[in-house]
> 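Below: one structure in structure tokens.
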Amino acid sequence: MTENLVIVESPAKAKTIEKFLGKDFTVVSSFGHIRDLEKKGLGVEVDKGFTPVYEVPEEKKKVVNELRKLASQAKTVWIASDEDREGEAIAWHLISVLGLDPSSTRRIVFHEITKEAITNAVESPRQVDMNLVNAQQARRILDRLVGFEISPVLWKKVQPSLSAGRVQSVAVRLLVDREREIISFVSDSAFRVTGSFSGQNSEGTEVLLKAECPKKFSSEAEAKNFLVKCDTSSFTVENVVVKPGTRSPAPPFTTSTLQQEAYRKLGFSVAQTMSVAQKLYEAGKITYMRTDSTNLSSLALNTAREAVTGEYGAEYSRTRQFKTHSKGAQEAHEAIRPTYFDRKDTTGTANERKLYELIWRRAIASQMADARMEKTTITIGMSASPYNFTATGEVILFDGFLKVYTESYDSNAGEDDKSILPRVDKGMALTAGIINAVQRFTSPPPRYTEASLVKKLEELGIGRPSTYAPTISTIQSRGYVAREDRPGEKRTIAQLTLSRGKITRTEKVEIAGKEKSKLFPRDIGIIVNDFLIANFPDILDYNFTAGVEKEFDEIASGELEWDSMISGFYRPFHKTVDESLSNKARMTGARQLGNDPATGLPVMVKMSRFGPVVQVGEASPENKPRFANLRRDQLLETITLDEAMALFALPRVVGTFEESEMTVGLGKFGPYVKHDGKFYSLKKGVDDPYTITVERAAELIREKREGDKQKVISEFGDIRVLNGRYGPYIVHDKTNYRIPKGSDPQKLTREDCLAIIEKGSKTKSTRGGKKK
DNA sequence: CAGTGAGCGAGCTTCCGCTTGACTT
């Protein structure tokens, strides 16, 4: 018999709290929500005042039974779910599902896990706030209505199994809108002039400095003209301005900023960041990793101050509390921070150690003093031109928090050279060394990374810390967008150099548009996006969530009835759903490109059942059109007639080998040679399917055969011992079996193998069903 | 593993937010 039962959301939290509360309290976890709208069907009785139909999901039944048992044995039940909309709803569902008495069940909240906060909470219990619960129900119902009414429209009008939702559809829109900005971007170029200068300062020291002309010259002729002036000009130091400056540390991590920095500094995907953080949290090394708050508990502030003072000295310490600015923040938790500030590093996998250190540095730095610096700007005047050159430098006078942490930024522009400048005096004469004018192209807006998309969604108040990673994964698994690299294209840039009175012109090659791990919209994402914008512009509006959130807040404060809010939304919404269904047109993204120059047949691109294709000729009973798949880096929207026709160059016959034809093609898994019914992959970065020779193709076949020979260790009819990527293994009946340690694969007999198979098939549990 | 591309039309797909496992090579 338990005196007091406390229910929290997370099991790791339960463990910690139990320690603070002593033996009169048993603390257990609900593992998040325990009840949801029914899985099948709409889950909302629209005609009965939008009554939600709740059920306990199959995977939650065990937890619920356990909780019910414990609750019936306890004298007092305390519900300590998070202090936000979802937490309040969890409390209400718990009372209802566990059959608790609402008046005697105590609802408590704390947003930091410290003994003080918890004891305070226990001393001031309250009851469940039904207004807040209703705000959550409205949120849940709205999301279900939007998702489950629009998705079936897509199944009919675009393709089966597609999905739409308040969050995911806007995420895709951000990517499509950005892609179109990039498509329509016209690059411009200008010449940037930099030079080196030397002279003697008043101390008699020879100094050298590099400076840049702030004026950008839009044509090569203008740049050249300026260099001619430079040649005849004298240069003097016109001004030296020294300005003090300070820099302050960034706040400790929230989910979103952790994902951004882990991507930039460690190259983690958002999902990877969350799973590594989960491990650290479960081990008690960091506080909760799904949070939108930059707040730190007073305990954290105190221990951080001790750690900073101990490690770096009192002058490095500055206690700060940060305000949370992000839209829609509910601040149920603290910021992400190390549990113990005096632990600079940790044990575990390499990734766990790296992420821990990042979190530690960021949190510690947030409790450190500003950095102080001195910025110097030197202006160099010219006698022959009204333009000038400037050099900027920065000297750090006191490093402060920079000792521990510097924030990274997404930027494609090169960092400014912030070096230390030599001592120069106003009026000092300078001699120009080499002066360069280099052509610089403007760049289109950058594509989103997973992390920068999360940042944007957070700014718009769309999605929550617990859903950023799953949303990014959903839009990828639906095929709307893909994370990819692009090699970029070469382009020539001009450079003019003035040296010893002579101007020379050279050309250099640079790579433009190279992309690494960026999110690219795919054709199906673009088609769905356009369809949704045409039919549901309100929901696709970037401010839709902000608007409904405002209404949820009004429900929470009791100013608005949840059902009248839903009804106000649903009536016009459902009408558009019906209208878009009755409109017969299917969306295929079809586009006419012109006519095939060879045959005169019409050429079009469109989305087929299996992806984007080029089609030459019309389909009719007596005529089958020719088809070719688009490449991954091509879009229906931008492909040209020439590019489309070039796709028919493959597959092609390269020649014969051993009296059979060799065909080169582009398959799902890249370019290949097909010979005698077998496939041989071309070597990445070495072979090109369009130009590969007969000799090379034959060589690939021989190489593969040689490799396969070494692959087979021994063969006993239907049982084979093979060399694989992870070492030797046995294959029988399409199943792989590991060879036990200690046995020599070379010496295995058929009987040995059968024994291993027999044993293996007993131990092998569920061999994961069908995978998509 | 390297194809397919239309149509019969069964029965399936789908949302967002809260929380962890239990799985695989």
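In the text below, chain A, chain B and the rest are named by the order of the sequence lines, each starting its count at 1. No experiment lies behind these values; they were computed from the predicted model shown.
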> Separation of A/K704 atom NZ from B/dA2 atom P, in whole Å?
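Between P of B/dA2 and NZ of A/K704: 14 Å.
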> Using only side-chain N and O atoms of A/Y680, determine if any of them is under 4.0 Å from OP1 or OP2 of B/dA2.
no
> I'd like to know if A/R139 reaches the base of B/dC16 with its side chain such that a donor and an acceptor end up less than 3.5 angstrom apart.
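Such a pair is found, so the answer is yes.
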> Do A/R35 and A/W92 form a cation-pi contact, if we require the NZ or CZ to be under 6.0 Å from the six-membered ring centre and within 45 degrees of the ring's axis?
yes
> Think A/Q168 has a side-chain N or O under 4.0 angstrom from the OP1 or OP2 of B/dC15?
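For B/dC15, OP1 or OP2 has a side-chain N or O of A/Q168 closer than 4.0 Å.
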> Assign each of A/G463 and A/A619 to its nearest nucleotide of DNA chain B by heavy atoms, then name whichever residue's nucleotide is nearer the 5' end.
A/A619
> Given that both pair distances must be under 3.5 Å and the pair must be Watson-Crick or G-U, what runs of three or more consecutive pairs involve DNA chain B?
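Result, WC/G-U stems under 3.5 Å: none.
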> Can you check whether A/Y281 and A/Y288 have ring centres sitting under 6.0 Å from each other?
yes
> Any sub-3.5 Å donor-acceptor pair from A/R626's side-chain atoms to A/V616's backbone N or O?
no
> Does A/R290 have a side-chain nitrogen or oxygen under 4.0 Å from the phosphate oxygens OP1 or OP2 of B/dT20?
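True: A/R290 side-chain N/O within range (under 4.0 Å) of B/dT20 OP1/OP2.
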> Is there a side-chain contact between A/S151 and the phosphate of B/dC15, meaning an N or O under 4.0 Å from OP1 or OP2?
no
> Does A/D292 reach the main-chain N or O of A/E331 with its side chain, forming a donor-acceptor pair under 3.5 Å?
yes
> Taking distance alone, no hydrogens or angles, what donor-acceptor pairs closer than 3.5 Å link side-chain atoms of residues 165-172 of chain A to residues at least two apart or in another chain?
residue	atom	partner	partner atom	Å
A/R166	NE	A/D143	OD1	2.6
A/R166	NH1	A/T545	OG1	3.3
A/R166	NH2	A/D143	OD1	3.4
A/R166	NH2	A/D143	OD2	3.0
A/Q168	OE1	A/S163	OG	2.8
A/Q168	NE2	A/S163	OG	3.4
A/S169	OG	A/G165	N	3.0
A/S169	OG	A/G165	O	3.1

> Check the phosphate of B/dG17 against A/R140, side-chain N and O only, distance under 4.0 Å to OP1 or OP2. Yes or no?
no
> How would you list, by chain and number, every residue that makes a side chain to side chain donor-acceptor pair (under 3.5 Å) with A/K60, sequence neighbours excluded?
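Checked A/K60 against side chain to side chain donor-acceptor pair (under 3.5 Å); zero matches.
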> Could you check whether A/D82 gets within reach of a base, just the sugar-phosphate, or nothing at all, counting any heavy atom under 4.0 Å?
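The answer is sugar-phosphate, as A/D82 gets under 4.0 Å only of primed atoms, P, OP1 or OP2.
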> Round to a whole Å and report the spacing from CZ of A/F552 to P of B/dG17.
10 Å
> Quick one: is B/dG17 close enough that its OP1 or OP2 comes under 4.0 Å of any side-chain N or O from A/T467?
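Affirmative; the distance criterion is met.
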> Would you say the base of B/dG17 and the side-chain of A/D36 have a donor-acceptor pair closer than 3.5 Å?
no
> Is it true that a side-chain atom of A/K157 and a backbone atom of A/M587 form a donor plus acceptor pair closer than 3.5 Å?
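No: the side chain of A/K157 does not pair with the backbone of A/M587.
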> Phosphate oxygens OP1/OP2 of B/dG17: is one of them under 4.0 Å from a side-chain N or O of A/Q136?
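Checking A/Q136 against B/dG17: no side-chain N or O falls below 4.0 Å of OP1 or OP2.
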